[in-house]
Number of protein chains: 2
Amino acid sequence: MVTIKDVAKEAGVSVATVSRVLNENGYVGVDTKKKVLQAIAKLNYSPNEVARSLYKRRSRLIGLLLPDITNPFFPQLARGVEDEVSEAGFRLLLGNSDENVQKELDYIQTFAQNNVVGMISATSHVDYGIYDALNLPLVLLDRISDEYPAVYADGEEGGRLAAETLVEKGAKQITVMKGPSHIKPAQDRYRGAVEALNRSEASYTVMSTTSFSFEDAKGWAEELFAKYPETDAVIASNDMVAIAILHEALQLGKRIPEDLQIIGYDDIPQCSLSYPTLSTVRQPAYEMGRQAARLLMKTINKEQEIEKSIQLPVQLIERNTTRKG
Amino acid sequence: MVTIKDVAKEAGVSVATVSRVLNENGYVGVDTKKKVLQAIAKLNYSPNEVARSLYKRRSRLIGLLLPDITNPFFPQLARGVEDEVSEAGFRLLLGNSDENVQKELDYIQTFAQNNVVGMISATSHVDYGIYDALNLPLVLLDRISDEYPAVYADGEEGGRLAAETLVEKGAKQITVMKGPSHIKPAQDRYRGAVEALNRSEASYTVMSTTSFSFEDAKGWAEELFAKYPETDAVIASNDMVAIAILHEALQLGKRIPEDLQIIGYDDIPQCSLSYPTLSTVRQPAYEMGRQAARLLMKTINKEQEIEKSIQLPVQLIERNTTRKG
DNA sequence: TTGAAAGCGATACCAT
DNA sequence: ATGGTATCGCTTTCAA
């Protein structure tokens with residue numbers, strides 16, 4: 001391993017000088033600088049981040065904590081975060097918590113132990129105070145709390161949009177699926193939908209679900225038609241269960257969207273690959289990731305005028321599981 | 001921040017002693033140990049990984065380099081890797097390269113700068129020698145090379161399986177899609193399929209594609225039916241394009257699997273959410289991730305008898321885009 | 001403009 | 001069994 005010492009020796013200067021050219025601070029003569037640069041190039045030197053991090057007590061790492069990257073909504077978030085932070089020279093420490101407090105704590109601890117400059121978390125246990133002890137900038141992503149800045153999409157509006165659209169398109173008996181109760185954004189959209197529905201003429205039923213997982217999606221779909229066979233429109237808790245419902249419906253011989261309309265939530269990429277293509281409420285996941293990262297970096301740089309939180313707009317994407325016109 | 005010094009002072013011992021109890025090596029009296037443990041608990045101390053890493057010249061971090069986490073095959077791999085390494089106390093530094101050499105180099109460099117103990121890479125530029133300078137254990141994932149250990153699934157067998165199955169189920173005019181030429185596993189499955197086809201009675205055509213991306217999938221589907229309208233079975237280059245083809249076919253009024261049979265590749269989770277559900281060749285992605293991580297850790301621990309590479313079996317999953325019996 | 005040296009928070013060797 | 005201290009590779013005063 002080539003160190004700053006080797007470079008110093010090669011260039012015939014002190015390590016202090018090398019450090020100065022590395023960090024472009026302090027005075028350093030033009031010739032000296034050139035010599036150092038040459039030595040660096042010759043030895044193919046690149047500074048040890050760990051040593052830097054130790055001295056400065058801050059690394060160039062950012063901790064990203066997700067519930068489960070395997071769930072198709074999160075890769076987009078992650079990618080947005082990564083693209084933004086990497087432009088600023090930061091790298092990502094990644095953790096999946098499975099919404100399990102212990103795992104979450106473990107990751108938070110190791111993030112701190114590695115001197116991360118900040119964290120972004122899309123998990124649900126913020127309110128347990130597990131982030132409070134750490135004195136680290138934290139931005140919540142797709143979550144909301146009173147204590148920390150957050151980036152999220154307008155869930156109530158999303159729910160409202162879905163409900164109003166279905167009513168408008170002639171749905172008479174709507175089933176709205178209520179997502180897991182510990183996921184706040186899921187509750188927001190539910191609330192938005194129900195409010196809009198209450199204001200309308202349509203009648204509706206509520207079906208509670210306790211997970212967003214792939215494996216369970218099919219189960220929810222079956223349950224829905226067993227319990228509420230009259231349903232002519234469903235507001236699904238997310239796209240995956242929407243797709244499951246869609247195909248369960250086809251299986252049962254229903255025509256989409258004539259007999260049954262469906263609106264999903266998230267607009268994961270595979271929506272346009274479903275058949276029929278899925279109408280959904282789009283959350284700008286990639287953009288959310290980017291904004292969260294940007295907000296975090298502003299906090300890190302102690303910029304003035306930092307937004308407390310950022311709410312991004314949602315958008316109804318009409319595809320083929322809702323009626324036209 | 002509470003350091004080992006603080007603990008030492010609190011416990012009335014030297015830092016050396018604290019270090020000994022921390023690492024459970026060297027002699028330390030039972031009472032002393034108790035005192036230290038109490039101090040640690042009282043101060044809620046946890047050792048600074050950065051300082052450790054500096055001294056030991058190795059962190060507890062592992063670099064994971066992926067083409068694009070947004071592509072549904074990779075989250076599974078990533079999760080397998082993470083679950084395995086985290087059980088051994090390691091954490092993941094994540095990078096997406098977009099198959100771009102410069103990004104790849106950047107990540108590799110920062111991984112090294114952060115003293116990672118090893119890397120896992122699922123990208124395609126190994127042969128450019130970009131990993132050779134680094135003196136780091138490397139395991140390739142879903143890629144193959146002569147120089148480095150690798151974990152991958154049996155692509156040729158996968159191609160063969162797909163081809164034989166279709167022939168057996170009465171396909172007469174098969175279109176086999178050839179994936180991007182720089183992705184070796186894609187070439188393997190292509191080769192396997194073509195070999196099997198040549199041995200059979202069926203006639204076939206080849207359609208080359210240059211990407212696996214979501215956005216392009218629909219385009220490939222349209223191109224396929226425009227160019228080869230006679231096709232009665234397709235061996236898709238992966239599940240995403242298979243699903244795109246499936247829905248394009250439905251759009252065109254074809255009956256699945258009567259008029260057209262389709263076999264995908266990978267068995268990403270959404271296969272069972274497509275309609276009809278997609279028959280495919282399953283690669284055990286999660287398991288591949290775990291095995292790669294395990295192999296890497298064996299290498300790190302300099303265990304004897306390390307497998308050079310691991311080839312995992314693929315498996316044909318018959319769902320509803322192939323005929324029964 | 002440059003260099004010497006202290007210090008970041010651990011580990012491990014050498015004494016005692 | 002315990003403590004003192006050099007060391008890891010870098011940054012940053014302080015002096016010259």
Side-chain angles (χ1 to χ4, degrees), chain A residues 1-40 43-61 89 109-117 135, chain B residues 1-40 43-61 89 109-117 135:
Chain A
M1 180 191 229
V2 25
T3 74
I4 199 173
K5 258 188 173 170
D6 302 319
V7 176
K9 192 181 297 175
E10 174 72 29
V13 300
S14 75
V15 296
T17 302
V18 177
S19 175
R20 281 187 201 105
V21 351
L22 243 27
N23 298 286
E24 297 183 316
N25 58 17
Y27 297 96
V28 36
V30 276
D31 314 355
T32 339
K33 181 168 182 179
K34 198 153 69 180
K35 278 191 297 182
V36 172
L37 257 14
Q38 281 170 349
I40 289 177
L43 302 181
N44 192 229
Y45 165 78
S46 78
N48 183 320
E49 275 299 327
V50 177
R52 276 190 168 164
S53 168
L54 178 59
Y55 185 87
K56 298 200 157 187
R57 278 116 137 212
R58 60 174 16 215
S59 68
R60 292 192 193 171
L61 301 176
Q109 188 183 21
T110 56
F111 287 172
Q113 288 179 296
N114 282 284
N115 283 173
V116 298
V117 282
N135 235 8
Chain B
M1 181 192 228
V2 25
T3 75
I4 198 173
K5 259 188 172 168
D6 302 320
V7 176
K9 191 181 297 175
E10 174 74 28
V13 300
S14 75
V15 295
T17 301
V18 177
S19 177
R20 279 185 204 105
V21 350
L22 243 27
N23 298 286
E24 297 184 319
N25 58 16
Y27 297 97
V28 36
V30 276
D31 314 354
T32 335
K33 181 166 179 179
K34 198 153 67 178
K35 276 191 298 182
V36 172
L37 258 13
Q38 280 170 348
I40 289 177
L43 301 180
N44 191 229
Y45 165 78
S46 78
N48 183 322
E49 275 300 326
V50 177
R52 277 190 168 162
S53 169
L54 178 60
Y55 184 87
K56 298 201 160 189
R57 279 117 133 209
R58 59 174 15 221
S59 67
R60 291 191 194 171
L61 301 176
Q109 188 183 22
T110 55
F111 287 172
Q113 288 179 297
N114 282 283
N115 282 359
V116 300
V117 282
N135 235 6

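Note that the structure is predicted; figures quoted are calculated from it, not measured.
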For B:R20, salt bridge (Lys or Arg N to Asp or Glu O under 4.0 Å) partners two or more places apart: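 Residues passing salt bridge (Lys or Arg N to Asp or Glu O under 4.0 Å) with B:R20: none at all.
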Please list, pair by pair, any protein nitrogen or oxygen found under 3.5 Å from a nitrogen or oxygen in nucleotides 12-16 of chain D.
unit_1 : atom_1 : unit_2 : atom_2 : d
D:dT12 : O4'    : A:Y55  : OH     : 3.1

Which value, rounded to the nearest 0.5 Å, describes the distance between B:K9 atom NZ and B:L43 atom CG? 10.5 Å
Give a yes/no answer on whether the side chain of B:R57 brings an N or O atom under 4.0 Å of OP1 or OP2 in D:dC8.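 No, because none of the side-chain N or O atoms of B:R57 sits under 4.0 Å from OP1 or OP2 of D:dC8.
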Atom of B:L54, atom of A:V50 and distance for their closest heavy-atom approach: N-CG1, 3.6 Å
Tell me the interatomic distance from A:M1, atom CE, to D:dT7, atom C1', rounded to whole angstroms.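 Value for this atom pair: 14 Å.
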Atom-pair distance (NZ on B:K35; P on D:dA1), nearest Å: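 B:K35 atom NZ is separated from D:dA1 atom P by 15 Å.
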Between the axis at one end of the helix from C:dT1-D:dA16 to C:dT16-D:dA1 and the axis at the other (five pairs apiece), what's the angle to 10 degrees?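 Rounded to the nearest 10 degrees, the bend comes out at 50°.
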Hey, which sits more toward the 5' end of DNA chain D by its nearest nucleotide, A:L54 or B:V30?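 The residue whose closest nucleotide sits nearer the 5' end is B:V30.
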List the residues meeting side-chain contact (heavy atoms from CB on, under 4.5 Å) with B:K5, not counting sequence neighbours, and say none if there are none. B:T3, B:V15
Can you sort out the partners of A:S59 under side-chain contact (heavy atoms from CB on, under 4.5 Å), two or more places apart, ordered by chain and number? A:S53, A:L61, A:N115
Base, sugar-phosphate alone, or nothing: which one does B:V13 contact when heavy atoms must sit under 4.0 Å apart?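 Contact class for B:V13: sugar-phosphate only.
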How would you give the extent of chain B contacts on DNA chain C, as first and last nucleotide 5' to 3' within a 4.0 Å heavy-atom cut-off?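 Using the under 4.0 Å cut-off, the span is C:dG9 to C:dC13.
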B:T32 side chain: which of D:dA1, D:dC10, D:dT2 is closest?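 Out of D:dA1, D:dC10, D:dT2, the nucleotide with an atom closest to B:T32's side chain is D:dT2.
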